[in-house]
> 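Got a structure here, written out as structure tokens. Questions coming.
Everything quoted here is computed from the prediction, not taken from an experiment.
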Amino acid sequence: MATQKDIARVAGVSPSTVAAVLNGTKHTRMGEATRARVEAAIAELGYIPNTAARALRRQQAGTIAVVVENLENPVYQELFRGIYEAAEERGLAVVVGDTMWMRSGSPFLARLLGQGLVDAIVLRHGGLMDEEVLGVLRSRPTPVMLVEYQSDDHDPWVSVDDVAAGRAATGHLIEAGHTEVAFVGGFDTQPANPRHQGYLSAMQQAHLEPRPRCSPASALRPAQPGWRCSARANPCRRRSW
């Protein structure tokens, strides 16, 4: 198995230069020709870094955890793609998982935070956890980024303008000639609540009567609750299935 000394010998550089290339060190002065020789030697020898040893030396795992409610939800594909691209640029690995609910003291949360297995967590908040779990996350040194959740100054977060999104989606349907537009979304959750506000704003601006708010059925469950919601939104269009 090739070592960093082998790479240095083939490239005609010092082992410290090889280490700088492998570690992506920016402050080391190095010409592009030198970097290219080292990278060519790495490819020629088929060098594979010992990630376990590197993690032990740096006290970093080089891994980011991403947690969402349902991996099969197509909404998350663009989110995953962006995370993968950013992680790859920085030489980091990504592990992805899903869970229906996180509780304080749960084995899932213990594995996520314990033993230094990950360096940071990207968490799609949704309905995954309550304030108790957020308190546990805040008390640990592992950085956490909340996605699609607007928090106070205690928690880093990134989100879209859900009020504007709800207004734009509803406005598009109204412009297409629809007058009976219903909102289907969760209750007391992010991002459903601000999107509902946008829906109400668009309906009021168009002088249309908002329909009763409905909660969606899971895509993995029978659609009976969804049918009932649709029937309530369109009481004159019921039919047998």
Side-chain angles (χ1 to χ4, degrees), residues 66-83 86 98-103 121-135 137-138 144-241:
V66 182
V67 183
V68 298
E69 302 99 317
N70 181 2
L71 288 176
E72 297 181 5
N73 190 332
V75 171
Y76 298 135
Q77 299 311 307
E78 289 297 321
L79 171 67
F80 294 153
R81 184 177 294 108
I83 292 173
D98 60 359
T99 181
M100 295 301 296
W101 178 249
M102 286 197 299
R103 294 178 176 83
I121 303 170
V122 177
L123 183 63
R124 201 279 185 180
H125 183 285
L128 282 179
M129 58 188 178
D130 54 19
E131 283 298 320
E132 184 177 2
V133 173
L134 274 175
L137 294 173
R138 292 170 184 146
V144 177
M145 174 64 71
L146 301 178
V147 178
E148 291 190 16
Y149 179 76
Q150 299 182 12
S151 177
D152 54 27
D153 295 336
H154 295 294
D155 308 301
W157 57 269
V158 59
S159 183
V160 300
D161 188 340
D162 287 305
V163 175
R167 185 184 301 114
T170 307
H172 171 75
L173 294 175
I174 294 174
E175 291 175 2
H178 302 285
T179 58
E180 296 185 6
V181 182
F183 180 88
V184 181
F187 291 87
D188 297 325
T189 62
Q190 293 275 4
N193 280 350
R195 289 177 183 174
H196 186 247
Q197 294 175 16
Y199 159 79
L200 293 176
S201 174
M203 293 293 283
Q204 292 168 359
Q205 185 175 356
H207 304 290
L208 296 174
E209 181 181 356
R211 311 298 293 180
R213 186 172 178 176
C214 298
S215 179
S218 170
L220 300 180
R221 297 176 183 173
Q224 183 67 15
W227 175 85
R228 290 175 180 169
C229 179
S230 176
R232 290 198 302 272
N234 300 277
C236 298
R237 300 181 183 177
R238 298 189 183 185
R239 54 175 149 175
S240 301
W241 297 88

> Side-chain contact, heavy-atom cut-off 4.5 Å: V67 with V122?
no

> State, yes or no, whether a side-chain contact exists between N70 and V68 at a heavy-atom distance under 4.5 Å.
no

> Please name the pair of heavy atoms, one in N193 and one in R213, separated by the smallest distance, quoted to 0.1 Å.
OD1-NH2, 2.9 Å

> Once you round to the nearest 0.5 Å, how far does CZ of R195 lie from CG of D162?
4.5 Å

> Kindly compute the distance separating NE2 (H196) from CE (M203), expressed to the nearest 0.5 Å.
9.5 Å

> Quick check: do F80 and V66 have side-chain heavy atoms less than 4.5 Å from each other?
yes

> Of the non-hydrogen atoms in T179 and L208, which two are nearest, and what is the gap between them?
O-CD1, 3.8 Å

> Could you state the interatomic distance from CH2 (W157) to CG (L123), rounded to the nearest 0.5 Å?
15.0 Å

> Would you say the side chain of Y76 lies within less than 4.5 Å of the side chain of E69, judging by non-hydrogen atoms?
yes

> Looking only at heavy atoms, which two atoms of Q77 and L71 are closest? And how far apart?
NE2-O, 3.8 Å

> Side-chain contact test, heavy atoms from C-beta onward, threshold under 4.5 Å: evaluate it for V181 versus R211 and give yes or no.
no

> Going by heavy atoms in the side chains, are F183 and T170 under 4.5 Å from each other?
no

> Return the minimal non-hydrogen interatomic distance between A202 and R167, and the atom names on each side.
CB-O, 3.8 Å

